Amino acid sequence: MVWQELSISVPHEYVEPISYLFSRYGKGLSTELDGEGRVLLRTYLTSGSRQRLARIEVGVRLVAAVEPIGGLEIRDLPEEADWQNSWKSHFRILRIGKRLVIKPTWLDLEPGPDDIVIELDPGIAFGTGYHPTTDTCLQAMEQYITPGMTVLDLGTGSGILTIAAIRLGAGQATALDIDSQAITAARRNFRSCGISKQVRLAQGSVPHPTAGAGQFDLAVANISARGVADRCPFILTALKPQSLFIASGLLETQKAEVASAAEPLGFTLVSEWPQEEWVTLVYTSPDSPPEATD
Ligand code: SAH
């Protein structure tokens, strides 16, 4: 069977849509920094997968209509190539914040005494730690999570932030994602990290029966400016009064969109975590519980 490698170099803000296409229609996904502000993405297909290739090509063209991105490169791999594992060679161990270490499952690591290790197989869903918003969410969580907290992870992807929350001492977490592939990947990662008992995982978004009113000490949503703004009222309902909301997935230029949804609800901005053109915002929820929202 002949395999093809598809690759494209894109500016940071196009990593998510192209990763989505690659992980949905291709086999495996790797991301690698490619010079200033750019990321090289790769996936693999059998050369007979015309439909899948066509979908990726159409998707790339749609993105290219918004912003000139690099062209899609397609090359045939030598037949003996271990395509199943070749994407793995592009990942490395990542250190984030003061103590967090993201370790792909297939790499060995001798952890230092203070290291908090997050073991992850990031092949098929978002959330590798390479994206600036994931990185800054992790840094903010490292600062704000205290032992025993109950955490809501909206848009869990690979489950990376939930695993970090538990490793940082959270007692319980609820992880939601609208994408069934993310749920499959997160479930596998939670199981292999041995944290399934502390996590409730479900497909969907807030409002959701697993995220009832006034349950959480901290919510993190690394989704998008629009997604955060839309879901804000439901996140507020799910939070306890005076709790933390880490909002991410937005560009610096989209801060106002999130602020205009969050601030009228009583959220107060407490810190900002910029990285490249992205930013993570940390809010506290108001003192009194919100009026019931439908
Ligand atoms: N939490 C991970 C993944 C972020 S990617 C990280 O920080 O790296 C964003 C994820 O949010 C995707 O898996 C996508 O399916 C999911 N998502 C997007 N909009 C959503 C919404 N409104 N509710 C729940 N999940 C959402």
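These numbers come from the heavy atoms of this one structure, side chains and all, not from hydrogens, waters or symmetry mates. Given the structure is predicted, the values throughout are model-derived calculations rather than measurements. Whatever order the structure lists ligands and atoms in, that order sets their numbers, starting from 1. One is the number of the first residue; the rest follow in order along the sequence.
At least one N or O atom of Gly155 sits closer than 3.5 Å to an N or O atom of ligand 1. Between Arg231 and ligand 1, no N or O atom pair is found at a separation short of 3.5 Å.
For atom 14 (C) of ligand 1, the nearest non-hydrogen atom from the set Leu176, Asp179, Asp177, Thr156 belongs to Asp177. Considering only non-hydrogen atoms, atom 24 (C) of ligand 1 lies nearest to Ser205 out of Ala221, Ser205, Ser248, Gly249.
Looking at Asn222 against ligand 1, both its backbone and its side chain come within 4.0 Å, counting heavy atoms.
Put simply, the residue from Lys103, Arg191, Arg188, Arg167 that forms a salt bridge (Lys or Arg N to Asp or Glu O under 4.0 Å) with Glu119 is Lys103. With respect to Gln242, the side-chain hydrogen bond (donor to acceptor under 3.5 Å, both in side chains) criterion is satisfied by exactly one of Asp287, Asp217, Thr268, Thr284: Asp287. The ring pair (Phe, Tyr, Trp, His ring centres under 6.0 Å) test with Phe245 is passed by exactly one of Tyr144, Phe267, Phe234: Phe267. Each of Thr174, Val220, Leu218, Ile160 was checked for a side chain to side chain contact (heavy atoms under 4.5 Å, CB included) with Asp153, and the lone residue meeting it is Val220.
In this structure, Ser158 falls outside the shell of residues with a heavy atom less than 4.0 angstrom from ligand 1.
Interface atoms of ligand 1 facing Ile178, defined by a heavy-atom separation under 4.0 Å, are 15 (O), 17 (N), 18 (C), 19 (N), 20 (C), 23 (N), 24 (C), 25 (N), 26 (C). For ligand 1, the atoms lying closer than 4.0 Å to a non-hydrogen atom of Gly157 are 3 (C), 13 (O). Close approach to Gly204 involves these atoms of ligand 1, each under 4.0 Å from a residue heavy atom: 24 (C). Close approach to Glu16 involves these atoms of ligand 1, each under 4.0 Å from a residue heavy atom: 5 (S). Each of the atoms 6 (C), 7 (O), 8 (O) of ligand 1 lies under 4.0 Å from some heavy atom of Thr134.
Using a 4.5 Å heavy-atom cutoff, the side chains of Met149 and Leu244 are in contact. For the pair Arg231 and Pro207, the minimum side-chain heavy-atom distance is below 4.5 Å.
Gln51 CD: 12 or fewer foreign heavy atoms inside a 6.0 Å radius.
Using a distance-only test at 3.5 Å, with no hydrogens or angles considered, no donor-acceptor pair links the side chain of Asp177 to the main chain of Gln203.
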